[in-house]
There are 2 protein chains.
Amino acid sequence: MADTTETEPMDMMPEPLRARERAERIHADIRSRICMLDYPPGMKLSETALAAELGISRTPIRRVLARLEDEGLVTSVHGVGTMVTNVDYSEMSQVYRLRKELVLLQTVLDPIQPDAAFLQRFQALYTRSEALKTAPSARDFSLLDQDTFLTLLDLTANAPLRTMAERLYFRTARIWLQQVTSSHIDLMQEIDIYARELQDLLGALELGDLDAVGHIRRGHISMSFARMRV
Amino acid sequence: MADTTETEPMDMMPEPLRARERAERIHADIRSRICMLDYPPGMKLSETALAAELGISRTPIRRVLARLEDEGLVTSVHGVGTMVTNVDYSEMSQVYRLRKELVLLQTVLDPIQPDAAFLQRFQALYTRSEALKTAPSARDFSLLDQDTFLTLLDLTANAPLRTMAERLYFRTARIWLQQVTSSHIDLMQEIDIYARELQDLLGALELGDLDAVGHIRRGHISMSFARMRV
DNA sequence: CCCTCAACTGATGTATACAACATTAGGCGA
DNA sequence: TCGCCTAATGTTGTATACATCAGTTGAGGG
């Protein structure tokens with residue numbers, strides 16, 4: 001009698017959030033394309049085109065775009081289109097000043113002491129930064145910076161702080177890539193500086209000195225911003 | 001030939017964001033109902049019912065609910081419904097600890113010196129707090145606290161900080177009202193303390209001492225949280 | 001040649017029917 | 001009477017047709 005229907009009541013993880021998960025992937029995907037300048041500022045993101053590309057209808061696409069608009073990465077105007085936002089200096093300045101403060105809170109509010117696995121993950125990041133010296137790539141650099149940020153986010157258990165820091169990071173992550181592309185800053189120099197930063201952070205992490213981690217990051221965020229304003 | 005169509009090209013404010021504005025109002029409205037416990041935790045918010053109540057379709061309602069879900073005020077489950085979230089102690093604790101830090105940043109990062117009009121607005125808030133002593137009302141108290149928060153938000157020009165502080169505030173604003181309703185804290189005592197806080201803040205504002213404003217608020221947030229954990 | 005305006009095009013916003021899903025009530029048999 | 005299975009119901013998620021809006025283009029008149 002069990003042949004007629006295959007209900008499979010025993011499933012390790014039924015994952016009733018299949019739809020939610022898909023939306024999450026699409027969101028992260030479009031966000032990544034914006035931050036990697038695959039979708040440059042001003043570009044129109046057609047809901048119809050995205051829907052066709054992903055093989056779904058406009059409805060779930062619109063939900064993702066609405067979230068991206070909340071996050072300040074796109075703006076939708078009725079009758080015109082959905083355009084990737086540009087980042088002006090004033091806004092960028094405000095975000096950076098706030099990030100400089102939040103990065104300190106990340107190691108003060110609900111700090112999580114790094115374990116061996118974490119140190120290994122971070123060591124891999126440092127290795128990548130050294131590899132960039134022999135094979136410079138602005139895109140790979142941006143990806144490394146993104147992975148580093150997300151890794152260091154695991155040092156705090158404060159969920160609201162994590163989400164806010166993440167929103168702020170992706171809000172201005174593309175600025176650096178823009179500056180490199182337009183040759184306003186030197187790629188090789190940035191790679192050298194970044195490798196040193198990761199080395200410094202690795203040393204502080206091995207000592208378990210999270211306070212030092214926060215201040216090292218703060219200093220680098222500040223200097224990185226200072227080098228950009230050409 | 002102009003009789004057939006009434007285009008009215010001359011309008012003071014064409015307001016092309018009529019739809020956007022409506023969504024904003026609906027969002028603020030539902031958010032207020034949740035924070036005022038008109039929609040208590042666990043209550044199911046039917047999209048169909050809300051759409052019928054507002055005389056529109058489910059589509060714009062769903063957009064608002066999706067945003068509220070991003071803000072942590074509701075959770076939607078496929079096939080079940082959209083329920084008002086509950087706030088557990090751990091989450092509340094994390095939010096309060098973060099708010100204590102952000103309230104300091106609000107008067108440090110991009111401070112705006114209060115002008116005469118601002119002082120007058122704040123004076124009105126203090127008057128309301130004194131009026132509450134003769135006519136105590138938990139609901140009016142919550143509304144006053146909300147207005148006070150939004151007013152003090154104008155002391156910083158940092159847009160990202162403003163949006164984040166606002167999100168955090170509304171995330172846990174209903175906790176206090178819950179505690180009063182369940183008689184875990186004394187309403188009259190809270191009103192007295194709050195009136196004193198507004199008096200202290202008014203004095204600091206009149207002196208233009210924004211640093212004092214931040215620290216006074218920080219202390220009151222901390223003590224308010226301490227009084228709540230029964 | 002230039003200005004005006006009206007229709008066209010393509011975009012987002014909305015309404016609605018349908019699909020997928022979870023819960024519940026009820027019937028049927030052991 | 002108890003347990004299981006099935007159908008019904010109500011929910012959110014999706015697809016799609018339509019409404020609304022803004023930019024564009026081209027024809028017509030001065």
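- Distance, Glu69(B) CD to dG13(D) C1': 12 Å, rounded to whole Å.
- Atom NZ of Lys44(A) and atom C1' of dT24(D) are 11 Å apart (whole Å).
- Ranked by how close their nearest DNA chain C nucleotide is to the 5' end, Val80(B) and Arg63(B) are led by Arg63(B).
- Under a 3.5 Å cut-off, the side chain of Thr85(A) and the backbone N or O of Leu73(A) do form a donor-acceptor pair.
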What's touching nucleotides 17-20 of chain D from the protein side, N or O pairs under 3.5 Å?
unit_1, atom_1, unit_2, atom_2, d
dT20(D), O2, His78(A), NE2, 2.9

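- The neighbour count for Arg25(A) CZ, taken as heavy atoms of other residues, nucleotides or ligands under 6.0 Å away, does not exceed 12.
- Side-chain N/O atoms of Thr59(A) and base N/O atoms of dA15(D) include a donor-acceptor pair closer than 3.5 Å.
- Between Glu24(B) and the choices Arg31(B), Arg63(B), Arg67(B), Arg18(B), the salt bridge (Lys or Arg N to Asp or Glu O under 4.0 Å) rule is met once, by Arg67(B).
- Between Arg62(A) and dT14(D) there is no side-chain N or O to OP1 or OP2 distance below 4.0 Å.
- Atom C1' of nucleotide dC21(C) and atom CZ of Arg22(A) are separated by 15 Å, given to the nearest angstrom.
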### Task
Apply the test side chain to side chain donor-acceptor pair (under 3.5 Å) to residues Arg97(B) and Ser93(B): give CA-CA distance (whole Å), side-chain angles for both, the deciding distance (0.1 Å), then the verdict.
CA-CA 6 Å; Arg97(B) 262 175 290 173; Ser93(B) 172; 2.8 Å; yes

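- In this structure, Leu54(A) places its CG atom 19 Å from P of dG13(D), rounding to the nearest Å.
- Spacing between atom CD of Glu47(A) and atom P of dA15(D) amounts to 14 Å, rounded to whole angstrom units.
- The one candidate from Phe225(A), Tyr194(A), Tyr96(A), Phe141(A) that meets the ring pair (Phe, Tyr, Trp, His ring centres under 6.0 Å) condition with Trp176(A) is Phe141(A).
- The pair Arg171(B)-Glu71(B) fails the salt-bridge criterion, with no side-chain N (NZ, NE, NH1 or NH2) lying under 4.0 Å from an Asp/Glu carboxylate O.
- Contact annotation: Arg20(A) reaches the phosphate of dG13(D) (side-chain N/O to OP1 or OP2, under 4.0 Å).
- When distances are taken from the side chain of Ser76(B) to each of dT12(D), dT16(C), dT14(D), the shortest belongs to dT12(D).
- Between Thr82(A) and the phosphate of dT12(C), there is a side-chain N or O to OP1/OP2 separation shorter than 4.0 Å.
- Within a 6.0 Å radius of CD in Gln120(A), other residues, nucleotides and ligands contribute 12 heavy atoms or fewer.
- Between Leu68(A) atom CG and dT12(C) atom P there is a gap of 13 Å when expressed in whole angstrom units.
- Side-chain proximity of Ser46(B) to dT14(C), dT16(D), dT11(D): nearest is dT11(D).
- One can place CD1 of Ile61(A) at 18 Å from P of dT14(C), the figure rounded to the nearest angstrom.
- Atom C1' of nucleotide dG10(C) and atom CG of Leu45(A) are separated by 15 Å, given to the nearest angstrom.
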